[in-house]
Engineer: 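The structure is given below, and queries will be raised subsequently.
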Amino acid sequence: METKEKENILPDTEGMSGENNISGGKNVKKKLSKKTRIIILIDEILILALVVTMLVLQSHPEQMQALQEAANTLIEEEVMLQAEELSEAETITFSPKCTAQTEPSKLIASTSIQVDGETFDDIADYQPDNTISFGAGSEYTSSDGVLTFRGNNFRSSPAYGLANMSEYILEPVWTQSTGSMSYNGKAWNGNGWTGQPLITSWSKELRQHMNMYDWAKEQNTLTEVIYASLDGRIYFMELETGKATRDVLNMGYVFKGAGALDPRGYPILYVGAGYTSSQGNARVFVISLLDGSVLYTFGNDDTFADRRCFFFDSSALVDAKTDTLIYPGESGVLYLIHLNTEFHSSTGILTMDPDRVVKWKYRGVRTSSQKYWLGMEDSAAAYDGYLFVADNGGNLMCLDLNTLELVWVQDTLDDTNGSPVLSVENGHLYLYISPSFHLGWRSSSTATVPIFKIDAEDGSIVWQTDYECYSVTDVSGGVQSTIALGRNQLDDYIYCTVSRTGGISQGVLTCLDKKTGEIVWEHKEQYAWSSPVCVYNEDGEGNVLYCSSSGKMFLINGLTGEERYSVKLSDGVIESSPAVYENMAVVGVRANKIYGIQLK
């Protein structure tokens, strides 16, 4: 996907229509996970016992106080137990290696490393300064919110907190207007692919050092939406009301990707430009959210790159322990940069002085200037010392981040833009991914687009489920989105939007069984590039949000596929992916609007 400039966008309408629908979908028996059932049962017993005891002891204040203290202790113990269960569930046995089929040389012709401008003749000579290691996705950050594309290093958490829906209605409650940018004959409107907003809560202490408006600094709590857009601007809004929290930041470059916030809670935004502008080639910006200043840039005009395409649609990861920024680029270069960051929250002093820049590049066996290009547009996933990233050339790669040697490579068949999603299942690490269909590479009519479950340890295919898809030049069919993992009540399933299947303008949201890849249900609509998001109630009930090229957002019962609600946001397409914070979803559309939507 070279540009993501896709369709003629009709003007947006101020009016939005809502539809309550219960239709279609396979009838699947409702279930709660065993863990959820046990926790709910314990909660109900505790609450009943406490109510009865308090009624009995109303006339005995000292005993009441002792009871309340005991209740607090029980609650704390239950929280600790749940945390322990979560930790045990995410314990992973992981010893990566290749099989005969995933041996890297079958698909990758060569790799090369450069450190601070010095290129290594033998990659075995490379030595890291520090050992990079990522934990499970839940350990990526202690900050509230969605801080990178799909939330964490597993790319598995685009929603933060619980939605706790009771009416199952999607109610738009605010809008923010965006603009457009034109360069070299191309017009960029609103928000496009992947286009996910970032959402986080800043402490009141930290906000005093930020360039926020006074009213935003004075709030006891404030959750901020940060949205980099195609018009070259970065927008800042309060989640609840959509009210601007600070001045719009005009960077002058097209932003297609989501960007990322620092997982340590530092006020830093990492965001890559997705297209060349009048100001020069695209690049990555590292921006201080204290004052909006640019701390560092890189990636433009890089002579180490074999592809002169300096676009960055990926969303970064940061290894907090080693202070390392990890950023794949469409030029085919992966950047590992020691940031040398210092931040003092009490004084609001932030400094950054990158002192080691490591670059890794590769060349595929099928690579040419006509097809199977170099370049990484997806957002890499990571676990332990390993990075999982797909590319434009149909290669899904597992790279050792500390030796920069490939461990295994799997053939995804085609241009792969959806991000790999990691999943721990019975103590084993798996990966879900699916490619697009780039017209003319494999076929000039239709082609098979597989949804893969991959063993992350050796790259072998566990199962694949195939869809037959159409495509259009620069508006590809297949899968452009990132798969959503079900949890809680939906723990047995994954969800994926497949575009241009069943018709050139049609598509499906498909629900697949994690164990078998069997299609459980499909929701048929106009095609979608937007990534689905699973949202949950306190009892574990799960629903799926997604947006389509029809301009609608849908709420789907995650078990049955029944359409619970839809709302028309735009007469143009929606390509971007929502992020969710508790009961609020935020998404931008191509027709120059950002929407805040309450999940009721």
Side-chain angles (χ1 to χ4, degrees), residues 1-5 114 147-150 155 181 183-184 186 188 191-198 226-234 249 251-262 268-277 279-287 294-318 324-337 339 354 357-362 373-382 387 389-393 397 415-420 480 482 575-577:
M1 293 186 305
E2 274 292 282
T3 65
K4 294 289 177 300
E5 176 59 25
Q114 186 182 91
L147 274 68
T148 187
F149 183 66
R150 309 300 276 182
R155 306 298 179 181
M181 174 183 286
Y183 179 73
N184 208 20
K186 294 185 181 295
W188 304 90
N191 297 85
W193 178 96
T194 55
Q196 178 207 277
L198 306 172
I226 301 173
Y227 215 155
S229 300
L230 294 173
D231 63 3
R233 297 174 175 88
I234 302 171
L249 197 56
M251 304 301 296
Y253 284 85
V254 167
F255 296 116
K256 292 187 282 178
L261 297 173
D262 196 288
I268 304 172
L269 171 66
Y270 309 92
V271 61
Y275 198 67
T276 303
S277 84
Q279 299 186 38
N281 282 326
R283 64 203 66 195
V284 172
F285 295 91
V286 181
I287 299 170
V294 176
L295 300 171
Y296 183 60
T297 65
F298 65 91
N300 55 303
D301 305 310
D302 191 340
T303 57
F304 183 65
D306 290 332
R307 183 183 178 197
R308 308 295 291 173
C309 181
F310 305 113
F311 305 161
F312 292 88
D313 295 343
S314 298
S315 181
L317 293 175
V318 175
T324 302
L325 176 66
I326 300 170
Y327 222 126
E330 204 168 340
S331 66
V333 177
L334 171 70
Y335 295 85
L336 286 77
I337 301 174
L339 295 171
V357 178
V358 178
K359 304 175 187 179
W360 175 87
K361 68 178 180 180
Y362 69 100
W373 304 317
L374 294 171
M376 297 162 280
E377 291 186 76
D378 59 324
S379 297
L387 193 78
V389 64
D391 80 335
N392 294 146
M397 299 174 279
D415 186 359
T416 305
N417 301 298
S419 298
Q480 305 284 19
T482 293
E575 296 173 350
S576 55
S577 298

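Everything quoted here is computed from the prediction, not taken from an experiment. Computation of the quantities below employed the complete heavy-atom set of this structure, encompassing side-chain atoms and omitting hydrogens, waters and symmetry-equivalent molecules.
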Engineer: So, for Tyr362 and Asp391, which heavy atoms are closest and what is the spacing to 0.1 Å?
Structural biologist: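 Taking every non-hydrogen atom into account, OH-OD2, 2.6 Å.
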
Engineer: Can you tell me how far apart NZ (Lys359) and CD1 (Ile337) are? Round to the nearest 0.5 Å.
Structural biologist: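 Output value for this atom pair is 8.5 Å.
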
Engineer: Do you know which two heavy atoms are closest between Pro328 and Ser314, and how far apart they sit?
Structural biologist: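 Between these two residues, the closest heavy atoms are O-OG, 3.5 Å.
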
Engineer: Is the side chain of Arg307 donor-acceptor paired with the backbone N or O of Ala305 at a distance under 3.5 Å, no angle test?
Structural biologist: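 Not a single qualifying donor-acceptor pair exists.
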
Engineer: What pair of heavy atoms forms the shortest contact from Arg308 to Thr303, and how long is it?
Structural biologist: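 Where Arg308 meets Thr303 most closely, the heavy atoms are NH1-CA, 3.9 Å.
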
Engineer: Under the side chain to side chain contact (heavy atoms under 4.5 Å, CB included) criterion, do Phe298 and Leu325 qualify, and how do the steps go?
Structural biologist: CA-CA 12 Å; Phe298 65 91; Leu325 176 66; 3.7 Å; yes

Engineer: Please round to the nearest 0.5 Å and tell me the distance separating atom OG of Ser229 and atom CD1 of Ile234.
Structural biologist: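 Spacing of OG (Ser229) from CD1 (Ile234) equals 8.5 Å.
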
Engineer: Report yes if the side chains of Thr276 and Val254 come closer than 4.5 Å at any heavy-atom pair, otherwise no.
Structural biologist: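 No - every pair of side-chain heavy atoms lies 4.5 Å or more apart.
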
Engineer: How far does CG of Leu261 sit from CG of Leu198, to the nearest 0.5 angstrom?
Structural biologist: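 Rounded to the nearest 0.5 Å, the CG-CG separation comes to 4.5 Å.
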
Engineer: May I ask you to check whether Tyr270 and Tyr327 place their ring centres under 6.0 Å from each other?
Structural biologist: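 No: the rings miss the under 6.0 Å criterion.
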
Engineer: Report the residues that fulfil ring-ring contact (aromatic ring centres under 6.0 Å, His included) with Tyr253, sequence neighbours left out, ordered by chain and then residue number.
Structural biologist: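 Result, ring-ring contact (aromatic ring centres under 6.0 Å, His included) vs Tyr253: Phe285.
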
Engineer: Which distance, rounded to the nearest 0.5 Å, do you find between the CG of Leu230 and the CG of Asn191?
Structural biologist: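 One gets 6.0 Å once the value is rounded to the nearest 0.5 Å.
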
Engineer: Please report the closest heavy-atom contact between Gly272 and Phe255, naming both atoms and the distance.
Structural biologist: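 Shortest heavy-atom separation between Gly272 and Phe255 comes out as O-CD2, 3.3 Å.
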
Engineer: Any side-chain to backbone donor/acceptor pair from Glu575 onto Trp193? Under 3.5 Å, distance only.
Structural biologist: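 Here the side-chain-to-backbone pair exists.
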
Engineer: Excluding sequence neighbours, so at least two apart, what forms salt bridge (charged side-chain N to carboxylate O under 4.0 Å, His left out) with Arg233?
Structural biologist: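 Arg233 satisfies salt bridge (charged side-chain N to carboxylate O under 4.0 Å, His left out) with Asp231 only.
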
Engineer: Donor-acceptor check, side chain of Ser419 to backbone of Thr482, threshold 3.5 angstrom: yes or no?
Structural biologist: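 Checked: no pair found.
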
Engineer: Can you give me the closest heavy-atom contact between Ser379 and Arg155, atom names plus distance?
Structural biologist: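 Nearest heavy atoms, Ser379 then Arg155: CB-CZ, 3.5 Å.
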
Engineer: Quick check for you: to the nearest 0.5 Å, what is the distance between Asp378 atom CG and Arg150 atom CZ?
Structural biologist: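 Spacing of CG (Asp378) from CZ (Arg150) equals 13.0 Å.
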
Engineer: Give, for atom OG1 of Thr194 and atom CG of Asp313, the distance between the pair rounded to the nearest 0.5 Å.
Structural biologist: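 Those atoms lie 7.0 Å apart.
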
Engineer: Between Asn392 and Asn417, does a side chain to side chain contact (heavy atoms under 4.5 Å, CB included) hold up when you go through it step by step?
Structural biologist: CA-CA 7 Å; Asn392 294 146; Asn417 301 298; 3.5 Å; yes

Engineer: Do the side chain of Thr148 and the main chain of Ala316 share a donor and acceptor less than 3.5 angstrom apart?
Structural biologist: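 Yes, Thr148 side chain to Ala316 backbone: donor-acceptor pair under 3.5 Å.
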
Engineer: Minimum heavy-atom separation for Ala382 to Leu387, with atom names?
Structural biologist: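 Answer, listing the atom of Ala382 first, then Leu387: CB-CD1, 4.1 Å.
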
Engineer: Just by modelled atom types, is the Phe304 backbone N or O under 3.5 Å from a matching donor or acceptor in the Lys361 side chain?
Structural biologist: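 Checked: pair present.
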
Engineer: Between Ser315 (side chain) and Gly259 (backbone), is there a donor-acceptor pair under 3.5 Å?
Structural biologist: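 Confirmed, Ser315 side chain pairs with Gly259 backbone.
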
Engineer: Angle between ring planes, Tyr275 versus Trp188, binned at 30° and 60°: parallel, tilted or perpendicular?
Structural biologist: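 Tilted: the ring planes of Tyr275 and Trp188 meet at 30° to 60°.
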
